[in-house]
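Down below is the structure, laid out as structure tokens.
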Amino acid sequence: MLRRSLPRRPEARRILLGTLLSAIGRGLTLPFLFIYLTDVRGLSDPRAGLVIGWYGAVTLALSPLGGTLIDRFGARRVVLPSLLIEAVGTGSLALVDSTASAFGVATVIAIGSSAIWSGQNTILASLTADDERQRVYGLNFALLNLGIGVGGLTSGAIVDVARPATFQAIYLLDALSYLTPAVILLTLPHVGHRLAASAAGAKTGGGGYLTVLRDRPFRRLVIFGLVLTTCGYAQIEVGFTAYAIRVAEVTPRVVAWALAGNTLMIVLSQLLVIRRMEGRSRTGALAVVGAVFATAWLTLGAAGLIGAGNALMATLGVVACAAIFGFGETMLSPVMPALTNALATDELRGRYNAMSSMIFGISGVIGPVTAGPLIGAADGKVWVAVVVGGCLAASLIALSLRPLLTAIQDGRPAPTTDRTPEPTPA
């Protein structure tokens with residue numbers, strides 16, 4: 001299955017290798033930023049939260065500019081400096097010693113990361129054909145989670161709040177990991193250039209984001225993504241954790257096990273899911289994702305009802321929720337970028353990918369802000385009802401998208417007309 005999922009072009013395979021190596025570095029630091037800023041560098045909880053929120057806001061604000069630059073100059077000229085800026089910013093976290101320096105470093109990191117995801121998706125789209133793109137994006141997501149998992153296990157055995165040097169070491173290693181995809185891209189001089197260099201293409205690209213938003217199918221896909229991620233991904237960091245600890249009354253260690261189970265589910269099942277999805281409707285798969293996410297939240301709600309009455313069942317419910325959610329991610333991760341690039345034109349491909357990545361940024365602001373008050377209402381029952389209802393509503397939106405797509409865009413085999421040729425007169 002791995003061999004079948006690999007892209008045909010060796011350049012694309014090397015890009016995927018860069019994703020894996022940089023993800024290991026990302027996994028070293030991903031769970032520890034808040035702890036590092038508060039317990040090691042002495043920032044208060046509210047200030048550390050503001051720093052992390054500021055990073056998200058700056059990334060979201062700069063993402064549209066990243067898409068425009070990718071279309072105008074090519075992904076290569078945007079991704080390479082972005083990776084270098086990201087490396088400098090991440091390494092500088094080792095030197096943070098005040099709130100002001102934390103805000104400054106967060107700004108540098110946000111500038112670098114604002115265009116990396118959309119740029120790398122654009123490069124992968126340019127190196128893959130339509131019939132393999134969905135598999136490649138799924139493999140990319142699996143490698144990303146595998147790298148984060150390996151990095152997280154490694155740093156968990158290294159870091160110690162009593163020894164700040166251990167945190168400085170992982171941030172420096174993370175900075176070095178961002179240089180690996182940059183080095184790989186430098187060894188591929190013909191990859192990542194502007195996709196539409198003709199005068200006509202430049203004219204089309206001038207339509208900018210208004211042209212992208214006039215694309216009715218893509219507009220419907222964006223609405224689906226906003227609803228699903230707000231009630232799905234955006235709830236993992238705050239809603240899931242808060243409900244599991246405060247309502248289901250499990251320990252933080254159980255939450256860590258659950259997140260590890262989520263990663264394990266993705267790594268083990270992604271290739272099998274990719275294989276099963278070939279030739280099937282992409283909008284149908286997106287509708288199933290909404291149902292799977294809703295099932296995950298219902299499982300967590302059941303764990304909350306059990307609560308302290310049965311600690312073992314509550315623990316199993318929390319872990320099962322994360323695993324079920326991970327299974328849904330294995331369907332969403334290949335389909336969303338593949339459908340985005342199926343709708344995109346070469347002239348505006350960078351903007352399409354930037355808009356797609358902005359979905360996660362917008363929901364990442366809405367989700368955490370709303371999760372707290374909702375969990376506090378009716379002992380978390382209101383939060384469960386809202387996120388389950390939102391995921392099911394996203395499924396309906398996905399089904400409404402299908403009539404707007406061609407069979408090829410939807411990932412289905414193109415209909416063929418079987419006509420018997422008329423006999424030729426003698």
Side-chain angles (χ1 to χ4, degrees), residues 121 125 130-131 133-135 137-138 141 212-236 239 265-266 269-270 272-301 321 324-345 352-353 355-360 362-363 366-367 370 383-416:
N121 275 352
D130 290 339
D131 65 325
R133 195 169 287 156
Q134 184 168 294
R135 296 196 304 269
Y137 279 124
F141 184 70
V212 175
L213 291 174
R214 289 192 191 105
D215 185 342
R216 188 183 174 196
F218 183 68
R219 195 166 64 238
R220 186 73 56 88
L221 181 64
V222 168
I223 295 171
F224 160 81
L226 284 173
V227 175
L228 184 73
T229 56
T230 300
C231 298
Y233 275 104
Q235 300 297 330
I236 287 292
M265 170 65 79
I266 293 170
S269 64
Q270 181 69 84
L272 179 61
V273 170
I274 293 172
R275 184 177 179 181
R276 294 293 185 188
M277 287 173 58
E278 288 186 13
R280 300 179 185 271
S281 169
R282 288 169 176 166
T283 51
L286 293 178
V288 173
V289 171
V292 171
F293 281 5
T295 302
W297 296 138
L298 285 173
T299 304
L300 184 64
C321 166
I324 295 169
F325 194 91
F327 182 73
E329 291 179 82
T330 63
M331 289 183 282
L332 180 66
S333 60
V335 171
M336 195 74 177
L339 186 50
T340 296
N341 283 280
L343 295 171
T345 61
Y352 272 86
N353 281 294
M355 280 288 294
S356 185
S357 67
M358 285 172 62
I359 291 171
F360 294 90
I362 296 171
S363 63
I366 299 173
T370 56
W383 177 81
V384 173
V386 169
V387 294
V388 169
C391 291
L392 294 177
S395 295
L396 296 177
I397 296 171
L399 293 176
S400 73
L401 173 62
R402 182 169 180 169
L404 305 179
L405 303 175
T406 64
I408 298 299
Q409 290 171 334
D410 196 32
R412 293 174 279 124
T416 57

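Between the side chains of Trp297 and Gln235, no donor-acceptor pair of N or O atoms lies under 3.5 Å. Inspection of the Arg282 and Gln409 side chains reveals no N or O donor paired with an N or O acceptor under 3.5 Å. A side-chain donor-acceptor contact under 3.5 Å links Asn341 and Asn353.
With Arg280 contributing its side chain and Arg276 its backbone, the two residues share a donor-acceptor pair below 3.5 Å. Under the 3.5 Å distance criterion, the side-chain polar atoms of Arg133 are matched with a main-chain donor or acceptor of Ala125. The backbone N or O of Thr330 sits less than 3.5 Å from a side-chain atom of Gln270, completing a donor-acceptor pair. At least one donor-acceptor pair closer than 3.5 Å links the side chain of Arg219 to the backbone N or O of Leu213.
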Legend entry - Test side chain to side chain contact (heavy atoms under 4.5 Å, CB included) applied to Thr370 and Val386, step by step: CA-CA 10 Å; Thr370 56; Val386 169; over 6 Å; no
Legend entry - Step-by-step side chain to side chain contact (heavy atoms under 4.5 Å, CB included) determination, Leu401 to Leu339: CA-CA 11 Å; Leu401 173 62; Leu339 186 50; 4.0 Å; yes
Legend entry - Full working for side chain to side chain donor-acceptor pair (under 3.5 Å) between Ser363 and Thr230: CA-CA 5 Å; Ser363 63; Thr230 300; 4.6 Å; no
Inset, instruction - Start with the C-alpha gap between Leu343 and Leu405, add the side-chain angles, then the distance that decides, and say whether side chain to side chain contact (heavy atoms under 4.5 Å, CB included) holds. - result: CA-CA 9 Å; Leu343 295 171; Leu405 303 175; 3.7 Å; yes
Legend entry - Met277 vs Met331, side chain to side chain contact (heavy atoms under 4.5 Å, CB included): CA-CA, chis, key distance, verdict: CA-CA 8 Å; Met277 287 173 58; Met331 289 183 282; 3.9 Å; yes
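Around atom OH of Tyr233, more than 12 heavy atoms belonging to other residues, nucleotides or ligands sit under 6.0 Å away. When the shell of 6.0 Å around CZ of Arg220 is examined, it contains more than 12 heavy atoms from other residues, nucleotides or ligands.
Using a 4.5 Å heavy-atom threshold, the side chains of Ile324 and Phe327 count as separate. Using a 4.5 Å heavy-atom threshold, the side chains of Leu300 and Val384 count as separate. Put simply, the side chain of Leu399 does not reach to within 4.5 Å of the side chain of Thr283, judged on heavy atoms. With contacts defined as side-chain heavy-atom distances shorter than 4.5 Å, the pair Tyr352/Asp215 qualifies.
Annotation: the span from Thr340 atom OG1 to Asn121 atom CG amounts to 8.5 Å, rounded to 0.5 Å.
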